[in-house]
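Notes follow once the structure below has been shown.
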Amino acid sequence: GQQLNQSPQSMFIQEGEDVSMNCTSSSIFNTWLWYKQDPGEGPVLLIALYKAGELTSNGRLTAQFGITRKDSFLNISASIPSDVGIYFCAGQRTTDSWGKFQFGAGTQVVVTP
Amino acid sequence: GAVVSQHPSWVICKSGTSVKIECRSLDFQATTMFWYRQFPKQSLMLMATSNEGSKATYEQGVEKDKFLINHASLTLSTLTVTSAHPEDSSFYICSASPPQGREAYEQYFGPGTRLTVT
């Protein structure tokens, strides 16, 4: 089963608003990845995080690797209609073999004009 | 960035037949690839780890005789769903990462294959 708790499950926001979502776990992670998935397509990598406390941006997206190494956050600023989709966090625990990631349940983002 | 492709993008088959799905790393070699399945409105569930030149490693609860994986080259892994049934209908996605550099710590997904078993 899923080892990551991702919240919120869904968000309905107006264009221009900021969006925040997070993933938490009781396990310790050494890598966090954030993906966006559009319907009928594979997930696309948005941001990768490798160190506790690391804060990384990709355009309007900003993600952070939690200090405790048990959580991560993703923020989307000034949302636009094309931000619609499902966002997944993925974390590699210190006990996982290389390449194996745990996935969150996803956050569905809906942006209204 | 690393590019992973899948073929076909969608397939419809009759119950009892077998279907093969291909996963290719286009601009890098991958000794390891991963196969996931995803049901509507759900997250990705890891099915198995595909290892080039050796047997695949299956996750608990995944039938290895039903989901045959062959990783015959450094750029190609195949998933064959044998004797498919309607409950096998799902979205199958593979992932891989380059062997070197920062990208080696990341997973890049293919576009997915929609399987419908009638």
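By convention in this document, chain letters (A, B, ...) are assigned in the order of the sequence lines, proteins followed by strands, and residues within each chain are numbered from 1.
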Going by residue number, which parts of [range] are within reach of chain A, meaning a heavy-atom gap below 4.5 Å?
range	value
residues 80-95 of chain B	Phe91(B), Ile93(B)
residues 51-58 of chain B	none
residues 4-39 of chain B	Thr32(B), Phe34(B), Tyr36(B), Gln38(B)

- Item | Any Asn70(B) side-chain heavy atom under 4.5 Å of Leu68(B) side chain | no

- Message: Any non-hydrogen side-chain atom of Tyr35(A) less than 4.5 Å from a side-chain atom of Leu46(A)?
- Response: no

- Heavy-atom contact with chain A under 4.5 Å, split by part of Gln60(B): neither

Using only atom types and a distance under 3.5 Å, with no angle test, would you say the side chain of [X] pairs donor to acceptor with the backbone of [Y]?
X	Y	answer
Glu17(A)	Gln14(A)	yes
Gln6(A)	Tyr87(A)	yes
Thr112(A)	Ile13(A)	yes
Arg93(A)	Phe29(A)	no

- Task: Give a yes or no on whether a salt bridge exists between Arg114(B) and Glu41(A), defined as a side-chain N under 4.0 angstrom from a carboxylate O.
- Result: no

- Message: Strictly below 4.0 Å, N to O, side chains only: are Arg60(A) and Asp83(A) in salt-bridge contact?
- Response: yes

- Query: Applying a criterion of heavy atom separation less than 4.5 Å, what residues of residues 48-59 of chain A form contacts with chain B?
  - Reply: Ala48(A), Tyr50(A), Glu54(A)

- Contact part of Gln92(A) toward chain B, heavy-atom cut-off under 4.5 Å: side chain, backbone, both or neither? neither

